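As C-alpha cells, the structure follows; a few thoughts come after it.
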Amino acid sequence: MAKGLKGAGKAAPQFLEGDPSTGYLPGRAWPIIRYGLTSLLASAILVFAIELIVRGDFAGTVSFFFQPFKPGWTTIVVFALIMIGLDAVLGRTYQSLMIIAPLTLSLAFVGHQKSLYLGDPLYPTDFLYARQIVALLPLLVRDRPMTALAMTVGIVAGLALLVFAWRQWRRRVPALSHKGRLARLTLAVPLLAFFVSIMDYATFSWTRDRLQIIPMMWDQKENYASNGFALAFALNVPMAHVTAPAGYSDKAIAAIQKPDVTASVPDEKPDIIIVMSESFWDPAILPGVTITPDPIPTVRSLRSGYVFSPEFGGMTANVEFEALTGFSNAFLPAGSIPYQQYVRAPVPSMATFLKSEGYATRAIHPGTSWFWNRTPVYADFGFDDFKSEENLPPMERRGPLASDAAMTDEIIREADDTDEPFFFFAVSLQNHGPYEPNRYVNPTHIVQAPTSQWARDSLLSYAEGASDADRGLQRLIEWARQRERPTVIAFFGDHLPPLGPVYVETGFMTNNVAPRREASVEAALQHHQTPLVVWSNRTGAAKDLGAVSPAFLPYHVMKTAGISHPYYTGFLGEMREHYSVVDRNLLLKPSGEATPDWARQKDVDPAIRDFRLLQYDMMFGKRHAAPDFFPETVDKLVAHTS
C-alpha cells in the first residue's frame with residue numbers, strides 16, 4: 001500500500017510538467033487553467049499582430065479590440081481553439097503556433113500589400129490565380145530589386161529558423177498522452193464545427209449576430225475593417241457558391257418581357273475586331289501634368305465615350321468577362337473572378353452567337369494561355385481558337401513584354417488570311433504594370449509634373465506604352481479604311497493603370513488606389529473611366545456614348561455593325577435606356593442620375609432584378625431563358641459543373 005502511494009507521489013510532478021489536461025481532479029485544475037490562459041494569450045498576441053500588419057496602424061488596431069463583444073475577441077477564442085485542436089494532432093503543447101503563426105502572418109502581409117497596390121483586401125479566391133502572381137514576379141523584381149532581395153533573404157532565414165525551432169521543440173517538450181489529446185479534440189472540434197456552420201453570409205445566424213459579426217459583402221473594405229482580417233477572410237470562403245436571387249424560378253424567367261428583336265446579321269457580314277488595351281488611359285488628366293507630344297491623339301480624336309471599369313489597377317479578366325458576355329460582375333460575390341470560379345461549362349457570349357452565324361471566332365493575347373484560365377474559358381465562350389504566346393509566331397518586344405505593334409501586325413495578318421467573316425477579340429500586354437523608370441530606351445515623350453523624379457520617370461514609362469497602344473489603333477484603322485469588307489473596330493482600356501505614388505504626388509487621389517465606394521459620382525467616374533472608341537469603316541466613330549459598363553459593349557458593337565440579337569441588342573438595348581453603368585456600388589442613368597449603394601436597398605429596380613435573374617439563369621440555373629434570349633445556345637449548352 002505504501003509502495004503504491006509512493007509511486008503515485010512520483011507521478012504528479014510528471015503530469016504537471018508534461019501533460020496538463022489528462023484529468024480534471026481539483027489538484028490538477030491549475031495546469032489545465034494555465035494551458036488555457038496561455039493559449040488565449042498567445043492567440044491574442046497573434047491576432048493583434050495580424051491586424052497590425054493588415055491595417056498598418058497601431059491606434060486603429062487597438063481600437064479594433066477596445067470594446068467588448070467586438071469580432072476581434074471572437075477571433076482570439078477561435079484561434080485558441082484551433083491551436084488546442086492542432087496541438088492534439090501534433091502531439092506537443094503549443095507546437096501549433098509554429099504552423100499557425102507563420103501562415104497567418106504571411107497572409108496578413110500579402111493582404112496588406114494587395115490593399116496597397118490594388119485597393120482590395122485579400123480574398124480566398126485570390127489563391128486561384130497564384131500562378132499569375134508568380135508569373136509577374138520578374139516584373140516586380142525589376143521594379144524593386146532591393147525589396148525583392150530583402151524578401152528572399154527574409155523568407156529563407158525564416159524557414160531555416162522555423163525548421164530549427166520545430167526540431168528542438170519536438171526533442172525537448174514531452175509528448176501528450178492519448179487522454180490529453182482526446183480531451184483537447186473533444187473541446188476544440190465541436191466548437192470549431194459550430195463556428196464554421198455560422199459563417200455562411202447568405203444565411204442568417206442568431207449567434208453570429210449576437211457576436212456582432214456582420215457580413216458586409218457589398219463593401220469588402222468595411223467588412224475587413226469591422227470584422228477583422230481572419231473573420232472577413234472566412235466570410236468570403238462561401239463566395240465560391242452563388243446563391244440564387246430571391247424569387248428565381250421558371251415562372252420568374254417567363255415573366256421577363258421578351259424584346260421584340262430577332263437574331264439577324266446584314267447580308268454583307270461585317271468583320272468585328274475588339275481590342276482591350278492593357279491599362280489604357282489618358283494620363284494627361286493628372287493634375288499639373290503636361291506630356292508632350294500628346295500620347296493618345298488617335299483615341300482623343302475618335303473617342304466615342306468611356307468604359308466604366310468595375311476594377312482599378314488590375315483584375316483584367318473581370319472586365320473581359322463583362323465585355324464578352326454582356327453579364328455584370330455586380331451580380332456576383334465581391335472579390336470573385338468568374339474566369340476562375342464560375343465558367344466551367346459553355347456560357348453564352350458574343351463569340352457564341354457570331355459563330356452560329358458563320359463567323360470565324362478567335363481570341364488573341366501575346367501572353368501565356370493559362371493566364372486567367374483563358375484557354376478553357378474562351379472555349380466555353382464559343383471561340384474557335386485562341387492565339388497565345390505558345391502558338392503565336394515570335395513577337396517583337398518593347399520593354400520587357402510583347403509590343404502592341406507586334407500584336408497589331410498579328411491581327412492584320414490573321415484578318416488578311418481569313419476568308420469568312422470574323423470576330424477577333426485581342427488583349428494587349430505591352431503596357432502592363434509595374435511602370436518602372438527607364439522602362440524604354442530613347443523615350444519619345446517629355447513629362448512635366450509636380451512630383452518626385454521617380455514618379456515622373458514612372459509616368460514617362462506609362463505614357464510611352466499608352467502612346468504605342470494609340471499608334472496600334474491608328475494603324476488598325478488605316479488598314480481597315482482600305483478594306484472593301486465592312487469592318488467594325490472597338491478599342492478600350494480595361495482599367496486605370498496601377499501608377500501608385502504618381503496619383504498621390506499629383507493630387508489625383510489621396511491613396512495609391514481608388515476606394516471601392518467613392519465619396520461622389522464624380523470621383524467614381526474619374527477613377528474608373530477609360531477611353532472607348534467604337535468605329536466603323538462605313539460610318540466612322542460612334543459618338544456621345546457617355547460612360548458605359550463593359551457589359552454594354554456587345555450592344556454598342558453589334559448596333560454599329562448592324563447586327564441584332566434578342567439579348568445583346570434587345571435586352572441590353574432596353575437596359576441601356578434605363579442605365580448606362582451597372583456597377584456593384586453604383587447605378588448610373590444616361591441622364592447622369594446616380595443610385596449609390598443600390599444593392600443595400602430593400603427595393604430594387606425591376607429592370608435590375610430581371611438583369612440579375614437572366615444572368616443567374618444562364619450561368620448557374622436551369623437556362624429557362626435560352627430559347628427567348630439566347631436561341632443560338634438551345635440544345636448546345638450543358639449543365640453547369642462548377
Side-chain angles (χ1 to χ4, degrees), residues 115-120 143 221 277-315 319 431-440 443-470 492-533 545-548 581 583 585-586 588 592 594 596:
S115 180
L116 282 178
Y117 287 102
L118 294 179
D120 269 349
D143 184 34
K221 189 172 183 179
S277 184
E278 173 62 44
S279 298
F280 187 85
W281 178 65
D282 182 3
I285 70 174
L286 289 167
V289 169
T290 301
I291 304 174
T292 52
D294 183 0
I296 60 167
T298 305
V299 170
R300 200 179 305 284
S301 64
L302 297 176
R303 186 174 57 216
S304 304
Y306 298 90
V307 164
F308 185 94
S309 176
E311 303 294 343
F312 180 94
M315 304 297 284
V319 184
N431 215 20
H432 200 292
Y435 307 100
E436 66 277 13
N438 306 313
R439 186 175 194 173
Y440 304 106
T444 59
H445 292 76
I446 298 174
V447 173
Q448 294 176 316
T451 65
S452 65
Q453 186 63 46
W454 186 95
R456 279 195 298 275
D457 290 343
S458 176
L459 183 56
L460 175 60
S461 292
Y462 174 76
E464 287 289 315
S467 177
D468 287 349
D470 187 84
F492 67 99
D494 51 352
H495 49 69
L496 266 68
L499 287 170
V502 173
Y503 293 133
V504 178
E505 292 187 33
T506 59
F508 184 72
M509 295 190 303
T510 56
N511 296 305
N512 285 349
V513 294
R516 282 289 180 181
R517 295 176 64 200
E518 298 280 5
S520 65
V521 176
E522 292 73 21
L525 291 171
Q526 187 178 53
H527 299 158
H528 289 272
Q529 284 189 156
T530 65
L532 167 66
V533 173
L545 300 186
V548 300
V581 170
D583 182 70
N585 299 300
L586 174 70
L588 187 66

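Model, not experiment: these values are computed from the prediction. For the numbers below, each heavy atom of this structure counts, side chains included, while hydrogens, waters and symmetry mates do not.
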Would you say that V319 contacts P310 through its side chain, given a criterion of any heavy-atom pair below 4.5 Å between the two side chains?
yes
All side chain to side chain donor-acceptor pair (under 3.5 Å) counterparts of D583, not counting sequence neighbours:
none
Taking side-chain contact (heavy atoms from CB on, under 4.5 Å) as the definition, give me every residue that meets it alongside E522, ordered by chain and number, with sequence neighbours left out.
S520
Those residues that, when tested against E278, pass salt bridge (Lys or Arg N to Asp or Glu O under 4.0 Å) (two or more places apart)
none
Less than 4.5 Å apart, side chain to side chain, heavy atoms only: is that true for I285 and F508?
yes
Kindly write out the residues that satisfy ring-ring contact (aromatic ring centres under 6.0 Å, His included) with H445, not counting sequence neighbours, or none if the list is empty.
none
Can you tell if the side chain of L588 reaches within under 4.5 Å of the side chain of V521, non-hydrogen atoms only?
yes
W281 versus Y462: any side-chain heavy-atom pair under 4.5 Å?
yes
Is there side-chain contact between E464 and R439, with heavy atoms separated by less than 4.5 Å?
no
Got a sec, which residues hit salt bridge (Lys or Arg N to Asp or Glu O under 4.0 Å) with D470, two or more places apart in sequence or on another chain?
none
Those residues at least two apart in sequence (or on a different chain) that pass side chain to side chain donor-acceptor pair (under 3.5 Å) with E311 are N318, R516
Ignoring hydrogens, what is the shortest heavy-atom contact between L459 and P283? Give both atom names and the distance.
CD1-CB, 4.1 Å
Residues in side chain to side chain donor-acceptor pair (under 3.5 Å) contact with D494, at least two apart in sequence or another chain
T316
List for me each residue that meets ring-ring contact (aromatic ring centres under 6.0 Å, His included) alongside H528, sequence neighbours excluded, and say none if there are none.
F308
Of all heavy-atom pairs between R303 and G305, which one has the smallest distance, and what is that distance?
CG-O, 3.2 Å
Using modelled atom types and a 3.5 Å cut-off, is there a donor and acceptor pairing between side-chain atoms of S301 and backbone atoms of P297?
yes
Nearest heavy-atom pair of A523 and E518: which atoms, and what distance?
CB-OE1, 3.7 Å
Applied to residues 502-514, the side chain to side chain donor-acceptor pair (under 3.5 Å) test, sequence neighbours excluded, yields S452-E505
Test side-chain contact (heavy atoms from CB on, under 4.5 Å) on D468 and N431 and set out the steps.
CA-CA 9 Å; D468 287 349; N431 215 20; over 6 Å; no
Of all residues at least two apart in sequence or in a different chain, which pass the side chain to side chain donor-acceptor pair (under 3.5 Å) check with S279?
Y435
Check side-chain contact (heavy atoms from CB on, under 4.5 Å) between T530 and all other residues, then give those that pass, not counting sequence neighbours.
V307, L496
Looking at every non-hydrogen atom in both residues, tell me the closest pair between A594 and L586 and how far apart they are.
CB-CD1, 3.8 Å
In a check of side chain to side chain contact (heavy atoms under 4.5 Å, CB included) between V299 and each of S277, S304, P531, which one passes?
P531
Any side-chain heavy atom of V581 within less than 4.5 Å of one from V548?
no
Can any side-chain N or O of R456 pair as donor or acceptor with the backbone N or O of V447 at less than 3.5 Å?
no
Heavy-atom closest pair (H495 atom, G314 atom, distance to 0.1 Å) is CD2-O, 3.2 Å
Identify the two heavy atoms, one from L525 and one from A547, that lie closest to each other, and give their separation to 0.1 Å.
CD2-CB, 4.0 Å
List, one per line, each side-chain donor-acceptor pair under 3.5 Å for residues 287-296, sequence neighbours excluded.
residue : atom : partner : partner atom : Å
D294    : OD1  : I296    : N            : 3.1
D294    : OD1  : R300    : NH2          : 3.0
D294    : OD2  : R300    : NE           : 2.7

